[in-house]
Structures are given as C-alpha cells and as structure tokens.
Amino acid sequence: MKAFDLSLYLVLDPDLCAGIGMVETARLAVAGGATMVQLRDKHAGTAGMIETGRALKQALVGTGALLVVNDDVEAAIAIGADGLHIGQEDMDARTARTMIGPAMILGLSVETAALAAAVDPDLVDYTGVGPVFATPTKADHKQPIGFDGLAMLVKASPVPSVAIGGLKADHVAQVFAAGAKGLAVVSAICGTPDPEAATRRIAAEIRKARA
C-alpha cells in the first residue's frame, strides 16, 4: 500500500511562479504545509522537466512532501519522482503503469462519473476530479462540475480523489464535505506575495475540516 497525503496538493504553474520560480515556490509551500507537489509545464520539454524536477526533488528532501510529474513519463522516471499524473488525453493507465513500474504513484484526471467509475484500482492510485470551477490556469479544461458534481465523482471513484479547479482556502470545507481527500491548488499559492503564508491558511482550513 503506497502512503500519500492528497490533502494539500500544489500544482506548479511556470507562468504564475515566474516571480520566484517553481522550486522556491514549492519550498515555501511545503514549509507552509503542502503535502504533494506536481510539476506541470506544457512548454518545457522533457529535458527542461527533468532539470526542474531534479531541483524540486532536492528541495523536498527530508520534508515528507511527495513530487508528482504531470504527463511526462520519461521525465518522471529520470527524476525518480514519487508519482506520475496523467489526463484522459495522455497515455492510458495500463501503459503508464507498465512504464513506471509498481512502486510509483499514478494519478488520473477524471471529469465525469463514468470515467471515475471506469478507473482500475489495480493500476491507478488516486483520481484528480474536476474542474470544480472554471480556471484561467488551464484554458482547455472541461465543463466545471461544482461541489455536487464533485461529490458524485468522488463517490464513483474506486480510489481516493483530490479536487481541482479554481479552489482556494474558502472552499476547503466543501471539498472535504464532498468526500475528497484533498484539494489541488494552483493560483491560490503560485504567484501570491507570500506562498508560505498562503499555504498555511489553506492548511489551517484543512485541519478544521478534518477535526
């Protein structure tokens, strides 16, 4: 059984993080309570992902936070990442699992109850469910599902779910009430004046929601 904590899942955005960079943003967010960090950069190419990923992995040593790579299985393997996250338009879960082996965490994005129900728990460790709200950080996102949709997809998923899509500290209670194990955040941390303080605020709301 792989151990991972989806509760405060930071998704790095290279544009929003440009001020201080993705590595420093991640370092500060983890100091504030982020439990998982996803490297997502659609324009970096594999070599760029590996370079940033290795720096992130070094920055996270000893923190307990896990590093997940979005889409790029080659980069995930080269970095020695803790996990890989794929979307419905990327490779299928069986191919991904074959490539990364049994030990690496595998996350899969689902946007409908049918996709959530179709997840194979022998292959996939968690689902990324959403978008809950429309978000400018992902221009090609599907129709927002809201909290009712989130609850429906979480219930359909045979593995733990993390909610994503325009989520902020104010949404924490509703995310956990819907049954999700955590929330994935981008702009609520990336590009804020103080990423550590922003993360601490979300972490405090999570503690309240779990109490």
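Listed for the Thr52 side chain is a donor-acceptor partner under 3.5 Å among the backbone atoms of Gly48. A donor-acceptor pair is defined here as one N or O able to donate and one able to accept, closer than 3.5 Å; no such pair exists between the side chain of Thr95 and the backbone of Met91.
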- Query: After noting the C-alpha distance and the side-chain angles of Leu153 and Ile145, does the key distance pass the side-chain contact (heavy atoms from CB on, under 4.5 Å) rule?
  - Reply: CA-CA 9 Å; Leu153 267 66; Ile145 60 172; 4.2 Å; yes
- Stepwise salt bridge (Lys or Arg N to Asp or Glu O under 4.0 Å) check, Asp5 with Arg210: CA-CA 13 Å; Asp5 180 355; Arg210 283 171 147 182; 3.4 Å; yes
- Message: As a quick check of understanding, evaluate side-chain contact (heavy atoms from CB on, under 4.5 Å) for Leu39 and Met22, giving each step before the final call.
- Response: CA-CA 8 Å; Leu39 171 58; Met22 290 196 282; 3.8 Å; yes
- side-chain contact (heavy atoms from CB on, under 4.5 Å) between Leu12 and Leu56, intermediate numbers included: CA-CA 11 Å; Leu12 293 167; Leu56 279 168; 3.8 Å; yes
Which donor-acceptor pairs under 3.5 Å do the side chains of residues 100-111 make with protein atoms, sequence neighbours left out?
unit_1	atom_1	unit_2	atom_2	d
Ser109	OG	His85	NE2	2.8

Exercise answer: donor-acceptor pairs, residues 166-184 side-chain atoms, under 3.5 Å, sequence neighbours excluded:
unit_1	atom_1	unit_2	atom_2	d
Asp170	OD1	Arg201	NH2	2.8
His171	ND1	Lys168	N	2.9

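Remark: Glu74 CD is loosely packed, at most 12 non-hydrogen atoms of other residues, nucleotides or ligands lying under 6.0 Å away.
Checked for salt-bridge contact, Asp125 and Arg97 meet the test: a charged N lies under 4.0 Å from a carboxylate O.
Across all non-hydrogen atoms, the minimal contact from Ala156 to Ala113 is CB-O, 3.7 Å. Among all heavy-atom pairs drawn from Val23 and Ala55, the shortest one is CG2-CB, 3.8 Å. Considering every non-hydrogen atom in both Pro158 and Val119, the closest pair reads CG-O, 3.3 Å. Contact between Ala65 and Asp82 at its shortest, heavy atoms only, is O-OD2, 4.5 Å. Across all their heavy atoms, Pro144 and Val132 have their closest contact at CB-O, 3.6 Å. Heavy atoms only, all atoms of each residue included: Ala81 and Val69 are closest at CB-CG2, 3.8 Å.
Between Phe4 and Tyr126, the ring planes are tilted. Angles from 30° to 60° get that label.
Qualifying salt bridge (charged side-chain N to carboxylate O under 4.0 Å, His left out) partners for Asp92, counting only residues two or more places apart in sequence or in other chains: none.
Here the OG1-CD1 distance, from Thr25 to Ile20, works out to 3.5 Å after rounding to the nearest 0.5 Å.
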